[in-house]
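Comments concern the structure below.
A, B, ... follow the sequence lines: proteins, then strands. Residue 1 opens every chain.
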Amino acid sequence: MIDTQESLSQLVSEALLGEKYPIAKIISKIETEKNLEFRESLFHELSIQNPDSKEGLTIGITGTPGAGKSSLLGELCKLFLDFAPNKKMAIVAIDPSSNVSGGSILGDRTRVTLPRRDTRIYFRSQPSQLELGGLNPYTFHVIRFLRRIFDYVFVETVGIGQNEISVSLISDLSFLVMQPLGGDQVQFMKSGIMEVPEAFIINKCDEESLANSSYYMLESTLEFIKDILPDQSLPPIFKTSVTKRKGIEELLNYILNYQKRKDKNTETLTQLMQWIRNEYGRWGISIWEELESSKWNQAVKRNPLGGIQKLKYEEEERKIVSLIQTKIK
Amino acid sequence: MSAEKKEYLLVDENGQGKPDKPWIFRTYAGHTNAKASNELYRKNLSKGQTGLSIAFDLPTQCGYSSDHEVSRPEIGKVGVPINSLEDFRILFDQIPIEEMNTSMTINGTSMWLLSLYVALAEERGVPLEKLNGTTQNDLIKEYLARGTYIYPPKDSMKIIVDMYEYSLHNIPKWNPSNICSYHLQEAGATPVQELSFALATAIAVLDAIKERNCFSDDEFEQCVGRISFFVNAGIRFVEEMCKMRAFTEMWQEITTERYKVKTAKYRVFRYGVQVNSLGLTEEQPENNAWRILIESLGVTLSRNARCRALQLPAWNEALSLPRPWDQQWSLRLQQVLAYETDLLEYPDIFEGSKVIESKVKALKEEAKLEIQKIVDMGGALVAIENGYMKSQLVKSQTERLSKINSNELVIVGKNKWTDGIKSPLMTDSDGGIFKVDPKSAEQTLNVLGEAKSRRNADLAKKSLEDLKQAAKDGKNLMPFSIACAKALVTTGEWADALREVYGEYNPPTGVDGQKLFLSDDKVSTVRGKVEAFTKANGHRPKIVVGKPGLDGHSNGAEMIAVSAKHSGFDVIYSGIRLSPEEIVQSAVEENANVIGLSILSGSHKEIVKQLFDELTHYKAKIPVVIGGIIPESDFDELKKMGIREIFTPKDYDLMSIMEKIIDIVSVEPALV
């Protein structure tokens with residue numbers, strides 16, 4: 001058990017060196033129910049041991065089952081080892097859990113073959129634990145942790161329904177992976193998710209003409225909805241093929257050179273809201289909105305440059321829990 | 001003598017009684033090294049065996065030379081290791097290949113082995129037209145059931161078509177591929193699945209040949225005539241016989257309707273059989289002798305659908321490799337059936353039987369629907385790549401196991417009449433089983449080393465470069481492979497050259513979305529324990545199911561993965577052919593609570609040692625359990641190495657296995 005400060009600090013220092021078993025143990029602890037206290041000590045310890053800690057770039061990858069996300073990631077890993085010799089990456093792959101037993105089969109590792117004893121790539125599977133939205137309840141905190149150790153943190157989720165795009169809310173850069181002819185233009189527009197990802201990948205472009213026709217179809221669809229895109233410019237579209245090993249270098253270069261970061265405070269806030277909604281539904285949100293006008297929020301507004309520590313949000317999380325619990329009683 | 005025709009007798013054109021010629025008697029054999037296997041073959045032939053069926057070891061099947069690190073634990077274990085032409089020279093020493101019917105059970109590297117055979121024939125001055133035999137070369141069943149594939153489906157199919165094109169023009173009596181439904185039944189296929197998946201595979205091969213358009217119409221007909229099948233015969237022998245009759249009729253229909261073959265002899269369904277090993281039990285293994293006899297009847301009784309060649313497993317195959325005596329006993333069974341009984345003197349004895357006819361009709365109808373489904377999907381290759389066929393097989397297998405668990409399916413000695421006197425057959429000093437001498441690998445490695453040092457290095461290098469270039473250009477690879485064989489290129493070098501061009505294939509595991517049909521008390525007991533664990537630890541127990549080594553028989557691992565999920569575990573299962581290092585890396589990164597290994601190749605001791613070395617490297621104390629064909633005599637050693645629990649084919653009750661595993665996990669101190 002990591003119940004003493006001492007052993008936690010040892011685990012953290014080993015984890016910061018990139019040792020896999022300590023990293024794995026810490027993640028398991030984050031994934032354990034009622035872990036707020038542990039998280040507090042963990043992030044506290046991290047900031048002590050590594051005050052100017054790195055903030056790895058988070059890359060969300062989502063798409064329908066069968067779009068070839070895992071194989072694509074596998075290929076990206078191989079290239080990454082050559083292309084970014086001084087960088088490290090982590091992957092968190094989320095698979096659905098069974099409704100009946102609660103168990104799951106996490107098969108995404110199958111597609112990613114890593115060199116043995118290499119510490120530059122770390123792969124972790126996560127069962128979705130019956131959560132809608134494609135994310136596991138602990139994904140966010142696991143990523144927060146991994147960002148401190150790795151330069152790039154990839155999060156792979158399944159599905160592209162309205163609920164399954166949550167991954168883009170906690171990533172700096174998110175991709176929607178599609179197959180050629182993955183749907184007609186009307187379907188794209190109806191799905192209402194075209195404005196969410198920062199970039200698109202048409203995978204399985206094994207055949208040139210099919211790839212191109214899908215590319216132009218997607219491009220014209222995006223053109224059509226350009227007005228409602230965040231910065232009103234067209235997001236990039238990548239054409240990739242794992243079997244022909246095409247387009248993956250370009251994709252990797254784009255990721256390695258990507259500069260724009262999302263505001264981590266907004267991200268934390270989004271995550272907190274989602275947690276409240278999952279846990280307490282609309283009613284919980286209404287309580288949150290009550291809090292919105294509280295003193296604490298005024299403080300945030302007075303400090304627009306985002307100097308608020310994440311720990312403050314954690315405190316808020318605790319506050320709202322006790323508040324909501326008193327309301328329940 | 002009356003001139004009256006006797007309906008019940010087989011006669012020649014002069015009306016004289018003339019029984020059928022027996023099928024070809026084979027034993028699937030090969031072990032230790034080329035020299036030992038050569039001795040075995042010559043002995044078997046002298047005992048009245050009439051054909052050779054060569055078993056290759058796993059490195060040879062997977063395209064690795066014996067000196068590759070993954071080969072080491074496997075050299076000579078389940079077949080003969082072949083590294084270069086030098087090994088073939090030794091293997092066929094004093095065996096007249098021009099008179100042999102040689103069957104090679106080889107798939108991913110079949111083109112290479114055929115090239116070696118051709119090179120050997122040319123070296124001996126044997127005209128290629130005289131070579132007679134079969135390379136199995138059915139990649140689809142490898143992706144589905146057996147796991148010794150190398151390249152992606154489309155590239156593998158291209159290699160098969162190359163072999164047809166070359167063989168038809170140069171080795172006309174050779175069967176370049178052999179559609180093998182044998183392993184489908186081993187992996188749980190129902191008769192309908194066996195029929196439909198095998199025929200859909202044959203259609204995929206013939207369609208690919210048609211597409212290349214390399215034959216005239218006449219040549220294409222001959223090519224259809226070269227397609228042969230390798231089938232399994234199970235214990236429900238009446239149904240199995242009907243399956244064989246359905247195969248025969250459906251192949252007639254497909255070749256007539258789809259491929260417009262006019263010549264009758266090219267429409268004949270030609271097949272060889274290995275009877276079922278899946279149903280053989282480790283418990284009371286002597287009962288297997290009767291099972292093998294009964295299974296043989298299914299494929300020999302029915303003259304209209306009688307096999308062309310038969311090979312029988314040995315009574316003790318569920319325990320380990322059979323000894324020469326055990327193989328001899330199996331051969332004698334065939335000889336009794338063919339030479340002592342009157343089986344071969346009669347025309348088809350089931351013609352006109354209402355029961356047989358309607359059963360055949362029912363099987364055909366169901367199989368046709370299934371074939372249509374696969375064809376509509378885009379054919380067998382697509383049904384492999386999208387995981388359809390694999391998931392159907394895993395489903396059938398889980399259903400079968402559920403039935404054994406619930407005693408709905410009776411297996412004598414296993415779930416019924418389990419008490420009995422221990423077999424005296426197993427009390428010999430060798431414990432009734434055969435073990436490969438671990439030192440014998442040295443001989444193989446010496447031959448390999450010598451061949452490499454003696455050859456013209458530049459020529460070997462150039463022939464490999466030519467092979468790669470030909471693969472990139474999409475040329476027929478056979479002539480380039482034969483050139484490699486003559487230049488003493490090794491198996492691993494040949495396979496690596498093509499790996500570079502084609503890449504390696506990693507298929508769907510088929511376990512996603514699978515459900516078990518178990519819902520008895522035991523399941524709730526196990527789920528209760530899993531819930532208790534989850535409550536105590538704040539997260540579900542996590543198991544890494546690992547399939548290390550080169551043996552691709554993944555049924556056991558898949559069943560455990562599905563059962564673990566059924567019990568509420570989070571399961572990491574990444575398919576076959578993983579190194580112990582990869583398995584440990586997964587378990588460490590995922591912080592698994594337990595590692596479950598499945599090993600059937602007999603290499604458990606070597607692999608377990610590698611695995612514990614790797615756990616030590618990470619300072620990880622993760623409990624390890626193991627399942628597979630593991631002789632009791634190895635239990636002590638494995639436990640000393642740190643293995644917590646050992647499961648063998650005797651442990652068929654999935655929930656008992658899961659209960660033992662959750663118990664182990666629950667008493668471990670929490671890992672975090």
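If you measure heavy-atom distances from F569(B) to chain A, the contacts under 4.5 Å come from the backbone alone. The contact between I121(A) and chain B is made entirely by backbone atoms, counting heavy-atom distances below 4.5 Å. No part of N35(A) comes within reach of chain B, as not one of its non-hydrogen atoms sits under 4.5 angstrom from that chain. For a residue to count as touching a neighbouring chain, one of its non-hydrogen atoms must lie under 4.5 Å from one of that chain's; by this rule S586(B) touches chain A with backbone and side chain alike. When heavy atoms are compared at a cutoff of 4.5 Å, K154(B) does not approach chain A at all.
Contact check on R124(A) versus E589(B) returns no salt bridge, with no Lys/Arg side-chain nitrogen under 4.0 Å from an Asp/Glu carboxylate oxygen.
Across every non-hydrogen atom of D118(A) and Q585(B), the tightest pair is N-OE1, 4.2 Å. Shortest non-hydrogen contact noted between T32(A) and N537(B) is CG2-O, 3.4 Å.
When the candidates K619(B), E581(B), E531(B), K542(B) are compared by the number of heavy-atom contacts under 4.5 Å with chain A, E581(B) comes out ahead.
E590(B) places a side-chain heavy atom less than 4.5 Å from the side chain of F123(A). Using a 4.5 Å heavy-atom cutoff, the side chains of Y21(A) and I622(B) are in contact.
The structure places CG of N591(B) at 9.0 Å from CD1 of I27(A), a figure rounded to the nearest 0.5 Å.
Annotation: K468(B), atom NZ; neighbour count of heavy atoms from other residues, nucleotides and ligands within 6.0 Å is above 12.
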